[in-house]
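When a ligand or atom number is given, it counts from 1 through the structure's own listing order. Scope of the values below: all heavy atoms of this structure, side chains included, with no hydrogens, waters or symmetry mates.
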Amino acid sequence: MITRLTLINFKAFRSLGLPLGPLTLLTGLNSSGKSSVLQALALLRQSADNVARGLLLNGELVELGSARDVLHDDFGPADDPDTDAPVVGFVVDVGKPFEFVGLYDPEEPDEDVMQMRVRGGTLPFLAAPFQYLHADRITPAVTYPRSRQVAIDRGFLGVRGEHTVNFLRHYGEKEVPDGPLRHPDASSPQLRDQTAAWMQELCPGVNLQASAIEGTDFVRLSYGFGGTAGINATRRRRPTNVGFGLTYALPIVVACLTATPESLILLENPEAHLHPKGQSRMAALISAAAATGAQLVVETHSDHVLNGVRIAVKHEVLRPEGTVVHFFRGNGSGAEVITPGIDKDGMLAQWPEGFFDEWENSLDQLLD
Ligand SMILES: Nc1ncnc2c1ncn2[C@@H]1O[C@H](COP(=O)(O)OP(=O)(O)O)[C@@H](O)[C@H]1O
Ligand SMILES: [Mg+2]
C-alpha cells in the first residue's frame with residue numbers, strides 16, 4: 001500500500017506530501033489540485049511499462065499536455081546533485097520510498113515525454129491490478145466497445161469505464177469473494193448478480209445484461225425492471241431509455257466489486273448523477289472495497305459520500321487510522337491541504353471553513 005505520495009513541482013504543487021490510507025478522500029474547492037493527485041499516480045503507472053522512455057505525459061490514462069504544462073509555474077530549485085534543470089518529482093512511499101524524477105529540458109518545453117530517473121527499483125504498485133475512472137464517464141449508449149486486449153486480457157475498464165460492459169459480459173460468472181463486498185441480497189456470488197444487487201441499491205428492482213452483438217466489435221447493455229410493480233420483467237430496455245445515473249455509476253460498481261487486496265483504484269466523483277441515498281450507498285461499496293485490502297483514492301464533492309465513509313468507520317468496516325480525508329482549499333498559486341482526523345465513531349476532529357459546511361450556511365440564512 002502507498003502510505004505517502006510526495007509531489008514536487010507538479011502542476012499546482014511546488015511541494016506537497018500527502019499521507020494515503022486504504023481509503024483516502026480528496027475533497028475541496030474546484031481547481032484546488034485534487035485530480036492532480038490522481039493524475040500523478042496515473043502518470044507513473046502510464047510510464048511504468050517503459051521506464052527507459054521516460055515520463056509519458058500523454059497516454060491511455062492521462063493527457064497532461066507538455067512538460068511546460070506539468071512543471072509548476074513557480075517551480076522550486078531542483079535540489080538534485082545531478083542536474084541544474086528544474087525537475088518534476090514524485091516520491092511514492094510503500095514502506096520504503098521510490099523516487100521518480102522527470103527532467104525538464106528548457107530547450108524542449110513542448111515535448112510530452114520527459115527524461116526520467118528512477119531511484120529505489122521497480123515499484124510493485126506499478127504492476128498491481130489498477131483502475132482509474134475519470135469524472136467524465138460513459139453515458140447511456142446503444143453499443144459499447146469490445147476489446148479483448150483491454151477488457152479481458154488486462155481487466156481494465158477504461159478511464160471512462162467504456163470497457164465495463166464487455167468486462168461484465170466476459171467475467172460475469174466470476175465470483176465476488178466472501179467478505180465485505182458480497183451483497184447479502186444477491187441471488188449468487190457471481191459478479192453479474194452482485195453487480196445487479198449493488199445497482200439495486202441505486203435503483204430498486206433493476207437488473208442488467210451485457211451481451212455481444214454477433215459479427216461486430218461491439219457489446220450491448222440492457223436493463224430490466226423485474227421488481228418494479230406493473231412493469232413486465234421480461235421486457236428489456238436499452239440504456240438510452242433508462243436513467244442516466246445508472247449507466248454512469250456502473251463502472252464504479254464493477255471497479256469496486258472486482259477489487260483485490262493488491263488493487264489500486266482511483267475514482268473521480270463516484271457520486272456523479274446519483275440521488276443522495278445512492279451516493280451514500282456508493283460510499284458503503286467504496287468502503288467495502290477498501291476493507292478487502294484494496295487501496296482507493298477517491299475525489300468527491302459529496303457530503304453523502306463523506307458521511308457514508310464515516311458510517312463505515314463507525315460500523316468497523318474501515319479502521320479510523322486507515323481512513324484519510326484531505327480538504328484542498330488553495331487554488332492557483334497557493335495550494336493548501338488540511339487533513340481532519342477521524343475517530344472510531346466516525347467523528348472528524350475539525351471542520352475547516354468551506355469543508356462541507358454549506359448545509360449550515362444555508363440553514364443559517366433560512367433561519368435568519
Ligand atoms: N503548471 C502549473 N503550475 C501551477 N499551477 C497549475 C499548473 N497546472 C495546473 N495548475 C493549477 O492546478 C489547478 C487544477 O488542478 P486540478 O487537480 O484539476 O483541480 P481539482 O481536481 O481540485 O478541481 C488549477 O488551479 C490550475 O491553475
Ligand atoms: Mg478534479
Check your understanding: Between L71 and ligand 1, which part of the residue brings a heavy atom under 4.0 Å of the ligand: side chain, backbone, both or neither?
Key -> backbone
Point to revise | Nearest-option assignment for atom 2 (C) of ligand 1, heavy atoms, candidates Q39, K11, H301 | key: K11
Revision key, fill the gap. Which of L41, L20, I265 passes side-chain contact (heavy atoms from CB on, under 4.5 Å) with Q295? Answer is L20
Check your understanding: If we ignore angles and hydrogens, is there a donor and acceptor under 3.5 Å between the side chains of Q149 and S147?
Key -> no
Review point. Are H304 and S280 close enough that a side-chain donor and a side-chain acceptor fall under 3.5 Å?
Key: no
Review point. Does an N or O anywhere in K34 fall below 3.5 Å from an N or O of ligand 1?
Key: yes
Review point. Is the distance between the Mg ion (ligand 2) and the nearest N/O/S atom of E299 smaller than 2.8 Å?
Key: yes
Exercise for review: Report yes if the distance between the aromatic ring centroids of F90 and F10 is under 6.0 Å, otherwise no.
Suggested key: yes
Review point. Does ligand 1 have an atom that lies less than 4.0 angstrom from a heavy atom of L38?
Key: no
Review point. For ligand 1, does V37 get within less than 4.0 Å through its side chain, its backbone, both, or neither, judged by non-hydrogen atoms?
Key: neither
Check your understanding: Does any donor atom in the side chain of Q365 or D368 lie under 3.5 Å from an acceptor atom in the other side chain?
Key -> no
Review point. So does S31 have any N/O/S atom less than 2.8 Å away from the Mg ion (ligand 2)?
Key: no
Check your understanding: Just which atoms of ligand 1 are under 4.0 Å from any heavy atom in D69?
Key -> 1 (N), 2 (C), 8 (N)
Review point. Does the side chain of E111 pick up a donor-acceptor pair with the side chain of S66 at under 3.5 Å?
Key: no
Practice item. Compute whether any side-chain donor of one residue and acceptor of the other, for Q131 and S263, lie under 3.5 angstrom apart. Key: no
Check your understanding: What atoms of ligand 1 come within less than 4.0 Å of a heavy atom belonging to S36?
Key -> 15 (O), 16 (P), 17 (O)
Exercise for review: Using a 4.0 Å heavy-atom cut-off, say whether N30 meets ligand 1 through its side chain, its backbone, both or neither.
Suggested key: backbone
Check your understanding: Is any N or O atom of E299, backbone or side chain, closer than 3.5 Å to an N or O atom of ligand 1?
Key -> yes
Study note, to complete from the structure: Test side-chain contact (heavy atoms from CB on, under 4.5 Å), reference Y144, set T164, I213, V219, output is V219
Check your understanding: L29 heavy atoms, cut-off 4.0 Å: which ligand 1 atoms fall inside?
Key -> 22 (O)
